[in-house]
Amino acid sequence: MPKLDRLARSVPDAREIGDSLVARGVRLSLGGSIYDPADPMGKMFFNILATFAEFEVDLLRMRTREGMAVARAKGKLKGKQPKLSARQQAHLLKEHATGDYTIADLAELYSVSRATVYRVLERARGAS
């Protein structure tokens with residue numbers, strides 16, 4: 001059985017779900033109790049559920065940001081490493097500038113995708 005707080009991530013989201021359930025005539029059964037989103041008790045249930053779900057998500061985001069900041073401060077969060085070294089990128093740019101190589105040729109020569117070659121070329125254009 002999935003967790004109940006997975007139903008909605010925010011109060012407006014829960015209201016939207018509740019409204020769609022009301023429009024379809026659906027009622028929710030939990031632990032033997034029936035919750036009707038059109039009923040005041042059902043609306044309260046959805047609002048409380050959404051409030052706790054939103055709180056949990058906000059806590060998770062906050063803890064993730066804090067953890068990333070600590071890792072960054074310790075030098076452990078470096079991000080994805082480039083496929084080509086600075087030297088390889090410089091060679092690739094020189095070879096492209098000669099006009100002797102196509103994008104596909106350069107991709108094969110450096111064992112990278114064409115998208116990577118395009119990114120290197122794009123960065124070089126942006127830097128100049």
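As the structure is a prediction and not an experimental result, all values here were calculated from the model.
Between atom NZ of residue K83 and atom OG of residue S113 there is a gap of 7.0 Å, rounded to the nearest 0.5 Å. Taking CD from E56 and CG from L59, the interatomic distance works out to 8.0 Å, rounded to the nearest 0.5 Å. Taking CZ of F52 as the reference point, atom CG of N47 lies at 12.0 Å (rounded to 0.5 Å). Here the straight-line distance linking atom CZ of R123 with atom CG of L93 works out to 10.5 Å at 0.5 Å rounding. Atom CE of M68 is separated from atom CG of L77 by 5.0 Å, given to the nearest 0.5 angstrom. T102 OG1 to L109 CG: the interatomic distance, rounded to the nearest 0.5 Å, is 10.5 Å.
Considering every non-hydrogen atom in both Q89 and L84, the closest pair reads NE2-O, 3.1 Å. Nearest heavy atoms, V117 versus V112: CG2-CG2, 3.9 Å.
The side-chain heavy atoms of L92 and L121, taken from C-beta on, include a pair separated by under 4.5 Å. A heavy-atom distance below 4.5 Å is not found between the side chains of M44 and P40. Using a 4.5 Å heavy-atom cutoff, the side chains of Q88 and H91 are not in contact. Contact of the H96 side chain with the I103 side chain is registered, since non-hydrogen atoms from C-beta on lie closer than 4.5 Å.
For Y110 and E95, the side-chain atoms include at least one donor-acceptor pair closer than 3.5 Å.
Using a 4.0 Å cut-off between charged side-chain N and carboxylate O, E122 and R125 make a salt bridge.
No path of Ile, Leu, Val, Met, Phe, Trp and Tyr side chains, each step under 4.5 Å between heavy atoms, connects V22 with I48, placing them in separate hydrophobic clusters. Connection of F55 to M62 is established within a shared hydrophobic cluster, with ILVMFWY side chains joined at heavy-atom distances below 4.5 Å, either directly or through further cluster members.
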